[in-house]
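A, B, ... follow the sequence lines: proteins, then strands. Residue 1 opens every chain.
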Amino acid sequence: MKIASFNINGIKARINALTEWLAAANPDLVVLQEIKTIDEGFPTDHFADLGYNVETHGQKGFNGVAILSKLPLEDVTCGLPGDDADEQARYIEATVVGERAVRVAGLYLPNGNPAPGPKYDYKLAWMERLRLRAAELLKTEMPVVMLGDFNIIPEPRDAAEPGEWVKDALFLPESRAAFRRIAAQGWTDAIRSRDPFGTRGPFTFWDFQAGAWRRDNGIRIDHLMLSPQAADILIECGVDKEVRAGEKPSDHVPVWVDIAA
DNA sequence: ATGGTAGTCTTACTA
């Protein structure tokens, strides 16, 4: 079962790029971030015609997450538990049943800039809520794939120019510690696990500004976190870097994992 | 110190 994550930065602007990537990569399930539309504005019928079941958790103008899945989705829940007053659409979970049931948690973690400030406080509070939810997911002892745009650069080797990020919410020590605290519950960072001693990249995001793509000034912020039961059945994973060179690209590229499920 | 680019349904805000 091939499970992917793609921050598309606006479904209206990215419908062609997403459709082309789906045809090329043929994922069984993909979680999307930054759909930037309300549920009613999502082109559900278009993706249904391509053979995908569609679940959306949208919001007007900003944020918004979704799941496209060839296999039926069960027990879909929208929103990260822990704050009923949080109106930002950044989290969706579902169970997908192939040869066995897999719980998928798709997330768009707050950016947090500028730091310090209220946006950074929201990021850290959101990560604490995610830590609690992640612990609950591990308790199920199901294969769980928790994936999406984490807006976290875990280590200096995950940035082409780490020095440019030292005051950024994506790389501040407190951000990285919060991410590490979740990972240390028992999650495997799939991409890093395939190249544990790698010294640079692979990157998943290149800013639209300042020629970042041309200069390969990227960062790795889209992550595939596997529960122990999911890590045990890991076959392969990857980053579809070539998508960034396509027509009207997102600033992120897809990341994917293939598991025996 | 600043700017650089892209998306949304704003004429600002987010990233």
Side-chain angles (χ1 to χ4, degrees), chain A residues 5-21 30-44 46-47 56-66 80 86-91 106-127 130 147-154 158-172 174-176 178-179 203-223 240-255:
Chain A
S5 171
F6 191 0
N7 181 325
I8 53 172
N9 194 359
I11 186 60
K12 294 181 179 72
R14 215 67 65 209
I15 186 160
N16 288 336
L18 175 57
T19 299
E20 284 183 22
W21 171 74
V30 54
V31 297
L32 303 174
Q33 300 90 40
E34 289 203 85
I35 64 173
K36 294 188 172 180
T37 179
I38 55 175
D39 295 336
E40 294 74 15
F42 194 88
T44 298
H46 170 77
F47 294 106
T56 59
H57 179 39
Q59 179 181 346
K60 185 177 178 179
F62 305 108
N63 306 322
V65 291
L80 181 64
D86 185 358
E87 310 229 325
Q88 299 192 29
R90 295 178 174 275
Y91 189 84
L107 63 91
Y108 175 46
L109 207 149
N111 176 294
N113 282 305
K119 290 187 177 178
Y120 192 56
D121 295 340
Y122 175 69
K123 177 178 192 144
L124 293 177
W126 203 95
M127 293 186 78
L130 181 63
L147 74 170
D149 177 0
F150 280 73
N151 267 316
I152 293 286
I153 303 166
D158 295 309
E161 299 287 350
E164 293 180 2
W165 299 92
V166 290
K167 293 182 178 174
D168 194 285
L170 279 59
F171 193 56
L172 283 173
E174 202 171 355
S175 305
R176 295 162 55 192
F179 178 76
F203 306 131
T204 67
F205 169 94
W206 294 260
D207 202 295
F208 287 125
Q209 301 182 68
W213 169 247
R214 177 176 49 78
R215 295 163 39 223
D216 195 26
N217 184 7
I219 53 177
R220 189 173 75 94
I221 56 175
D222 300 270
H223 304 303
D240 288 345
K241 179 178 180 178
E242 71 282 357
V243 171
R244 188 66 174 80
E247 188 119 347
K248 215 165 185 282
S250 172
D251 40 6
H252 295 251
V253 296
V255 298

* Asked: CG of Asp222(A) versus P of dA15(B): gap in Å, rounded?
  -> 15 Å
* To do: May I have the distance from Lys123(A) (atom NZ) to dA15(B) (atom C1'), rounded to whole angstrom?
  => 11 Å
* To do: Give a yes or no answer on whether the side chain of Ser5(A) reaches the backbone of Val255(A) with a donor-acceptor pair at less than 3.5 Å.
  => no
* Can you tell me how far P in dT2(B) sits from the matching atom in dA6(B), rounded to whole Å? -> 23 Å
* Calculate the interatomic distance between Leu170(A) atom CG and dT14(B) atom C1'; express it in whole Å. => 13 Å
* Would you mind reading off the distance between Asn113(A) atom CG and dC13(B) atom C1', rounded to a whole angstrom? => 14 Å
* Asked: With sequence neighbours excluded, what pairs up with Pro110(A) under the side chain to side chain contact (heavy atoms under 4.5 Å, CB included) test?
  -> Arg90(A), Tyr122(A), Lys123(A), Trp126(A)
* To do: Remember a base hit wins even if backbone is also touched, and classify Arg215(A) as base, sugar-phosphate or nothing at under 4.0 Å, heavy atoms.
  => nothing
* **C1' atoms of dT14(B) and dT10(B), separation to the nearest Å** => 11 Å
* Asked: Does the Ser175(A) side chain pair with the main chain of Phe171(A), one donor and one acceptor, at a distance under 3.5 Å?
  -> no
* Rounded to whole angstrom, note down the C1' distance from dA15(B) over to dG3(B). => 15 Å
* To do: Could you give the distance separating dT11(B) and dA1(B) at their C1' atoms, to the nearest angstrom?
  => 27 Å
* Asked: So what does Phe205(A) touch, heavy atoms closer than 4.0 Å: a base, only the sugar-phosphate, or nothing?
  -> nothing
* Asked: Between dA15(B) atom P and Phe150(A) atom CZ, what is the distance in whole Å?
  -> 17 Å
* To do: In whole angstrom, give the distance that lies between atom CD of Glu34(A) and atom C1' of dT14(B).
  => 8 Å
* **Donor on one side chain, acceptor on other, Asp216(A) and Trp206(A), under 3.5 Å** => yes
* Any donor-acceptor pair under 3.5 Å from Arg14(A) side chain to Asn9(A) backbone -> yes
* Structure fact -> Contacts of Asp168(A) meeting side chain to side chain donor-acceptor pair (under 3.5 Å) (sequence neighbours excluded), chain-then-number -> Asn113(A)
* Structure fact -> In B/S/- notation (B base, S sugar-phosphate only, - none; protein heavy atoms under 4.0 Å), nucleotides 4-12 of chain B written 5' to 3' is BBSBSS---
* Asked: Taking the same atom, C1', in dC13(B) and in dC9(B), what whole-Å distance lies between them?
  -> 13 Å
* For Phe6(A) and His252(A), work out which heavy atoms get closest and say how close. => CE1-O, 3.4 Å
* For atom OH of Tyr120(A) and atom C1' of dT14(B), their distance in whole Å -> 18 Å
* To do: Measure from CG on Asp149(A) to C1' on dA15(B) and round the result to the nearest Å.
  => 10 Å
